[in-house]
Amino acid sequence: MHRPNRRGFLAAMSGAVIGPGALASTSPARSVRYPGDEHRGKCVIASANGLWKDGTGCIVQAMQLIDEGADPADAVVAGVTLVENNPDDHSVGYGGLPNEDGVVQLDASVMHGPTHKAGSVAALENIRSAAAVALKVLKHTDHVMLVGDGARRFALRMGFKEEDMLTEEARQAWLKWKRNLNPKDDWLDDDQSDFPPPAHSRIDPDIPFTYGTINCSAVTDDGTLASCTTTSGLSYKIPGRVGDSPIVGAGMYVDNEIGAAGATGRGEAAIQSCCAYEIVRAMGEGKSPTEACLHALERVADHTRQKRLLNDKGQPNFGLVLYALRKDGAYGCASMHPGYRYAVHDGVTARHLNAPALFE
Ligand code: GLY
């Protein structure tokens with residue numbers, strides 16, 4: 001068992017939250033520790049890319065739709081669709097980094113609290129709106145998950161348009177990765193070539209792999225919940241690799257009696273510890289949203305046993321950020337390591353907040 005420095009976590013365990021009716025009855029009176037503990041009423045929470053520098057973006061769009069009376073599943077999908085359409089976000093939708101063959105494969109899922117229905121697509125090619133396709137699966141089929149070519153053909157039948165998802169910038173980043181992958185193959189590494197590397201890409205070459213994603217959950221004033229996660233997945237992945245984002249219970253989960261949760265970061269870890277489900281389950285036991293996220297991260301740390309995934313302190317060496325929204329509007333987030341933020345719209349303002357870390 002890992003016994004990490006969990007100062008924040010252990011303090012939080014004696015700290016406090018007033019839950020929704022069903023939860024409050026089983027929770028002892030405790031003091032509030034995190035900003036989202038006290039919030040009540042409608043709320044939208046997302047990963048940091050859910051709010052752009054100009055004050056617009058996913059959470060603003062989702063909250064606007066909720067204010068107009070939209071179902072929260074429609075609202076969160078409309079919100080993340082903005083991010084899928086943004087070519088500057090290289091972790092989601094159009095402009096996402098491709099797999100090792102240079103093909104963008106998208107994963108997404110959405111879950112609707114009142115019906116407890118879920119829809120999901122994985123390894124979807126040539127369609128940019130993976131979240132909207134997942135919502136069509138939810139609304140118009142008796143299935144939960146469509147993958148690969150079946151998902152693409154379903155999307156075409158639903159009226160989505162096919163297009164090449166690989167932007168020039170993402171293609172250049174992929175080629176750079178490919179050139180520099182193996183010093184002994186027939187691709188000349190950039191420092192072996194007599195010619196300058198082609199077209200500059202703004203994608204940081206020092207980050208060879210990225211797991212970026214967007215998760216967005218929403219709750220209305222009457223406690224109706226939904227959550228959605230969408231991603232281009234791990235950059236330069238083995239073709240066909242599916243991460244946590246389309247896996248119900250890993251990349252997102254909703255129980256309309258309790259709350260919603262989602263994950264971004266290393267999908268393999270979120271799958272292996274059923275992170276989103278575990279967060280919702282822990283909230284159902286009376287943990288605050290942030291406590292529940294820290295609890296799920298601790299489970300991940302405890303179950304990370306491969307040496308190559310541990311740093312010199314024995315802590316997981318990867319990033320994982322978890323997000324939680326309770327039925328009464330309380331919200332929270334936590335990350336494995338410091339330095340991560342999340343985005344929240346509390347019905348009045350949209351802002352970024354720092355995520356407490358399991359390992360301070
Ligand atoms: N969390 C995104 C992925 O691992 O694919």
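All ligand and atom numbering here is 1-based and tracks the order in the structure. Residue indices begin at 1 and follow the sequence shown.
Remark: Ser232 OG to Asp89 CG distance equals 7.5 Å, nearest 0.5 Å.
For ligand 1, the atoms closer than 4.0 angstrom to any heavy atom of Asp244 are 1 (N), 2 (C), 3 (C), 4 (O). Against a heavy-atom cut-off of under 4.0 Å, Gly265 is close to the following atoms of ligand 1: 1 (N), 2 (C), 3 (C), 4 (O). Close approach to Thr213 involves these atoms of ligand 1, each under 4.0 Å from a residue heavy atom: 1 (N), 2 (C). Distances below 4.0 Å separate heavy atoms of Gly243 from the following atoms of ligand 1: 5 (O). Taking every non-hydrogen atom of Gly233 and a distance limit under 4.0 Å, the qualifying atoms of ligand 1 come out as 5 (O).
Heavy-atom separations between Arg241 and ligand 1 include at least one value shorter than 4.0 Å.
Annotation for His143: atom NE2 does not count as buried by contact number, only 12 or fewer foreign heavy atoms lying within 6.0 Å. Open room surrounds OH on Tyr277; 12 or fewer heavy atoms of other groups in view lie less than 6.0 Å from it.
Under a 4.0 Å N-O distance rule, the pair Asp67/Lys42 qualifies as a salt bridge.
Under the 3.5 Å distance criterion, with hydrogens and angles disregarded, no donor-acceptor pair is assigned to the side chains of Ser109 and Ser120.
The aromatic rings of Tyr253 and His116 lie perpendicular to each other, with more than 60° between the two planes, well past the 30° mark.
Within the 4.0 Å heavy-atom criterion, the part of Leu234 lying near ligand 1 is the backbone and not the side chain.
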